[in-house]
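Below: one structure, written as structure tokens.
Below, chain A is the first sequence line, B the second, and so on; all start at residue 1.
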Number of protein chains: 2
Amino acid sequence: MEEIDPLGPTPVYRQLARILRERIASGDLAPNRPIPSEAQLRQQYGIARGTARRAVQVLRDERLVVTVTGRGTYVRPRP
Amino acid sequence: MEEIDPLGPTPVYRQLARILRERIASGDLAPNRPIPSEAQLRQQYGIARGTARRAVQVLRDERLVVTVTGRGTYVRPRP
DNA sequence: TACCATTTGTCCGTATGTATG
DNA sequence: CCATACATACGGACAAATGGT
């Protein structure tokens, strides 16, 4: 799994956003399927939940995912 | 029918409580008559049952309705 | 009596939303 | 950025109560 460098010049949340973006582009995270929950991202990448949220927020702003309260965040199908 | 905005700053259960309060005030929901069941509220407003329950709880706290287990929740007559 | 459908009561697990150090 | 806490919301499961068959 792609690693995150907490030191490097790029903010962690941006690194995670890029990783998730690539996982979506590659089909690893498929349309209409949920991406890992914030808790899972936290565990899998060794980051704080707030940082995971921020990364997901980036993808929301890019319209790559849609979030449903109480359910999760899903990969948006291509129109 | 009045809509609920799952986003917006006001919690869904409060929005539903306000809607039901207005339906009672307008007479749409009449004294000694049942309000929609939790299952009906769930369907009609597209929310979870727990959220519907919470809205009804608000009205109970305001003494606007009375709930009978196994029967339903009824609009309280004005004293 | 024994079911049965409906409704409310309760509990659990999971996830997101927000706020504070 | 991290850590914590609490609120809000969804979904499922089962129990208790009610009224009818």
Item to check | Identified pairing partner of dG9(C), criterion: Watson-Crick or G-U wobble below 3.5 Å | outcome: dC14(D)
Sugar-phosphate only, base, or nothing, as touched by [X] at under 4.0 Å among non-hydrogen atoms:
X	answer
Arg42(B)	nothing
Gly72(A)	sugar-phosphate
Pro6(B)	nothing

Can you tell me the distance, in whole Å, between the [atom1] atom of [X] and the [atom2] atom of [N]?
X	N	atom1	atom2	result
Ile4(B)	dT8(D)	CD1	C1'	14 Å
Tyr74(B)	dT8(C)	OH	C1'	11 Å
Leu59(B)	dT8(C)	CG	C1'	15 Å
Gln43(A)	dA3(D)	CD	P	12 Å
Tyr45(A)	dC1(D)	OH	P	16 Å
Leu16(A)	dC2(D)	CG	C1'	15 Å

Checklist entry - Are OP1 or OP2 of dT8(C) and a side-chain N or O of Arg53(B) less than 4.0 angstrom apart? => result no
Item to check | Thr73(A) side chain near dT16(C) phosphate (N/O to OP1/OP2, under 4.0 Å) | outcome: yes
Let's see if you can work this out: which of [options] has an atom nearest to the side-chain heavy atoms of [X]?
X	options	value
Thr69(B)	dC1(D), dT8(C), dA9(D)	dT8(C)
Ser37(A)	dT8(D), dC2(D), dA15(C)	dA15(C)
Glu38(A)	dC1(D), dT16(C), dG9(C)	dT16(C)
Ala48(A)	dA17(D), dC2(D), dG17(C)	dC2(D)
Arg71(A)	dG11(D), dG17(C), dT8(C)	dG11(D)
Arg49(B)	dT16(C), dT8(C), dA9(D)	dT8(C)

Checklist entry - Going by atom types alone, do Arg54(A) and Gln57(A) pair a side-chain donor with an acceptor below 3.5 Å? => result no
Checklist entry - With the threshold set at 4.0 Å, does a side-chain nitrogen-carboxylate oxygen contact exist between Arg18(B) and Glu2(B)? => result yes
Item to check | salt bridge (Lys or Arg N to Asp or Glu O under 4.0 Å) between Arg42(B) and Glu38(B), intermediate numbers included | outcome: CA-CA 6 Å; Arg42(B) 179 183 159 289; Glu38(B) 294 167 357; over 6 Å; no
Checklist outcome for this item: Separation between CZ (Arg78(B)) and CG (Leu64(B)), nearest 0.5 Å, reads 7.0 Å
Checklist entry - Which is it for Thr73(A) and Leu59(A) under the side chain to side chain contact (heavy atoms under 4.5 Å, CB included) test, yes or no, and what are the steps along the way? => result CA-CA 10 Å; Thr73(A) 296; Leu59(A) 302 188; over 6 Å; no
Checklist entry - DNA chain D: Tyr13(B) or Arg54(A), which has the more 5' nearest nucleotide? => result Arg54(A)
Next on the checklist: Pick the closest DNA chain D nucleotide for Thr51(A) and for Gly70(B) by heavy atoms, then say which residue is nearer the 5' end.
Outcome noted: Thr51(A)
